[in-house]
Amino acid sequence: MEVKIPSYVYLQKDAITKLSRVLEKIDSQNPIMLTGRTTKQLVERKIENVPFTGIFIVEKGSILQAREIIVGVSYGEVDTVVGIGGGKVLDVSKVVATELNAEFVSVPTTASHDGIASPVASFKENGEPVSISTKPPVAVIADTEIIKSCPRRLIHSGFGDLISNITAVKDWRLSKDLKGESYNEVAATIASLPAYLMVNRAKDPDFRLENEIETLLRGLIMSGVAIAVVGRSRPASGAEHKFSHALDYLGYGYGTHGEQVGLGTIIFEYFYEKEYGDGDWELIREALRNAGAPTKAEQIGLSRDQLIEALLYAKKIRKKRFTILEALDLSKEDFEKAIEETRVVD
Ligand SMILES: [Zn+2]
């Protein structure tokens, strides 16, 4: 099996000025750019030397928008799709690049989740989350100067998504042990090591996530690489992601993806600690709190009842992906105890 990982990763201040070099290195003759309106104004001057043959503004992050762009360019000519923006722009860019069989260059302007380097595009179609497998980026250009200025909430969301790899990898290992699922230690380590590193840094009360933006980005990029290594999201998505999908399906609260999986990580780490003696939910909670991320349901607009309902609903999602939810067949009472002891609800 051939594994595709990014050949070029630039992670520094003004990294975006490396874009023309990257395009030269991959011998791109016909690159197009997908971006947002505001981002375009923000980066225009820094990339004026890049000879884009087409520029597309992504208004809505939908599959339909991706199709419109694909129809608008002539197939076979575009060899590179450069996505410059947040989650929406990158998701649309991934699909466009994959459909046109072009290279994808990821230029994230936020650090909100591990989608910045992963071969998976996420959309909401008719209110339901949909994931599409795409080709991994050939290059990731993360300009810390631009990313630092994105809303703080998006940065702590990225922190939540990164540390969710801790329970995701435990779920994967559990499935290997109990169900014989194929498991890859390299991918598991690539996904979980940066997560543990961040948690340990963030246990310091003087921790400032803004100063750690580079480490966070490295972790999120590695997370995408881990997904590319096994060709599925397993290393970065377990029970805590099922819980987040449940909230999306039910339409409860107003948390971001990273905020939701962060809360889920506290709860499932609690079960790992309690049932298997393998975990430290207090450390996870402390780290999230020091990173400025929510540790309580009410912080993302969730009532106690909604939280319980979503946890129970999570058991119905993607049953084939075996996690601690399936292993323990957790009941309403188990969840009530967990959210009280972890003080996710007061
Ligand atoms: Zn995620």
Side-chain angles (χ1 to χ4, degrees), residues 61 86-88 90-91 108 110-116 118 120-125 127-131 150-168 171 195 198-199 202 209 216 219-220 223 233 236-271 281 284-318 323 325 335-336 338-340 342-346:
K88 265 188 220 170
L90 297 183
D91 283 334
T110 67
S112 56
H113 54 73
D114 58 22
I116 60 180
S118 75
V120 184
S122 310
F123 296 97
K124 240 190 194 132
E125 295 289 304
E128 296 205 344
V130 179
S131 291
C150 83
R152 215 205 123 85
R153 187 171 179 206
L154 296 181
I155 302 179
H156 77 221
S157 297
F159 183 89
D161 202 23
L162 178 62
I163 68 157
S164 76
N165 293 0
I166 290 174
T167 43
D171 281 338
M198 280 308 286
V199 163
L209 186 58
L216 172 63
L220 291 172
S223 200
S233 61
S237 170
E240 74 300 316
H241 271 68
K242 290 189 183 192
F243 162 66
S244 172
H245 294 320
L247 288 173
D248 295 340
Y249 273 116
L250 295 166
Y252 289 164
Y254 43 73
T256 62
H257 173 76
E259 290 171 338
Q260 292 177 174
V261 299
L263 266 197
T265 305
I266 302 176
I267 295 167
F268 293 108
E269 180 81 349
Y270 164 88
F271 287 115
W281 66 266
I284 302 275
R285 193 185 57 168
E286 209 53 37
L288 280 167
R289 187 190 289 147
N290 291 343
T295 57
K296 289 191 179 297
E298 61 179 23
Q299 288 173 288
I300 53 170
L302 291 173
S303 70
R304 182 198 166 90
D305 288 348
Q306 288 174 329
L307 182 65
I308 293 289
E309 193 186 336
L311 285 163
L312 288 166
Y313 195 88
K315 290 167 71 173
K316 295 184 205 157
I317 289 179
R318 216 174 173 180
T323 67
L325 276 168
F335 287 132
E336 280 171 346
I339 61 172
E340 272 159 30
T342 55
R343 291 186 285 289
V344 168
V345 293
D346 289 313

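Here the structure is a predicted model, which means the values were calculated and not measured. Sequential numbering from 1 along the given sequence is applied to the chain's residues.
Within the 4.5 Å cutoff, the side chain of H156 has heavy atoms near those of the P294 side chain. No side-chain heavy atom of K296 sits under 4.5 Å from any side-chain heavy atom of V345. At a threshold of 4.5 Å between non-hydrogen side-chain atoms, the residues I339 and I267 count as touching. In this structure the side chain of L325 reaches within 4.5 angstrom of the side chain of F268, judged on heavy atoms. No side-chain heavy atom of V344 sits less than 4.5 Å from a side-chain heavy atom of E298. No side-chain heavy atom of R285 sits under 4.5 Å from any side-chain heavy atom of T342.
Without hydrogens or angle criteria, K242 side chain to A314 main chain gives no donor-acceptor distance under 3.5 Å. A donor-acceptor contact shorter than 3.5 Å links the side chain of S157 to the backbone of R153. Although no hydrogens or angles enter the test, the distance criterion places a donor-acceptor pair under 3.5 Å between the side chain of E259 and the main chain of T256. No donor-acceptor distance shorter than 3.5 angstrom exists from the side chain of D91 to the backbone of A121, with no hydrogens or angles considered. A donor-acceptor contact shorter than 3.5 Å is absent between the side chain of S223 and the backbone of G219.
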Show the numbers, then the answer: is there a side-chain contact (heavy atoms from CB on, under 4.5 Å) between F243 and V261?
-> CA-CA 7 Å; F243 162 66; V261 299; over 6 Å; no
Apply side-chain contact (heavy atoms from CB on, under 4.5 Å) to the pair L263 and I300, showing each step before the final yes or no.
-> CA-CA 10 Å; L263 266 197; I300 53 170; 3.8 Å; yes
For residues 245-253, which side-chain donor-acceptor pairs fall under 3.5 Å, sequence neighbours excluded?
{"from": "D248", "atom 1": "OD1", "to": "Q260", "atom 2": "NE2", "distance (Å)": "3.3"}
{"from": "Y252", "atom 1": "OH", "to": "E309", "atom 2": "OE1", "distance (Å)": "2.8"}
{"from": "Y252", "atom 1": "OH", "to": "E309", "atom 2": "OE2", "distance (Å)": "3.3"}

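Checked by atom type, the side-chain pair S112/D161 shows no donor-acceptor distance below 3.5 Å. For E240 and T265, the side-chain atoms include no donor-acceptor pair closer than 3.5 Å.
Between the OG1 atom of T323 and the CZ atom of F271 there is a distance of 11.5 Å, given to the nearest 0.5 Å. Taking CG from L162 and NE2 from H113, the interatomic distance works out to 13.5 Å, rounded to the nearest 0.5 Å. To the nearest 0.5 Å, atom CD1 of residue I266 and atom CG of residue L288 are 5.0 Å apart. Atoms OG1 and CG, from T110 and L154 in turn, are 5.5 Å apart once rounded to the nearest 0.5 Å.
Considering all non-hydrogen atoms of both residues, H241 and S164 come closest at CE1-OG, 3.2 Å. Scanning all heavy atoms of the two residues, the minimum distance from I116 to P108 falls at CG2-CB, 3.5 Å. Taking all atoms of both residues into account, the shortest heavy-atom contact from D114 to A236 is OD2-CB, 3.5 Å. Nearest heavy atom pair, residue R318 against residue S233, reads NH1-OG, 3.9 Å. Scanning all heavy atoms of the two residues, the minimum distance from L216 to I155 falls at CD2-O, 3.7 Å. Scanning both residues, V120 and S131, for their nearest heavy atoms gives CG1-CB, 4.0 Å.
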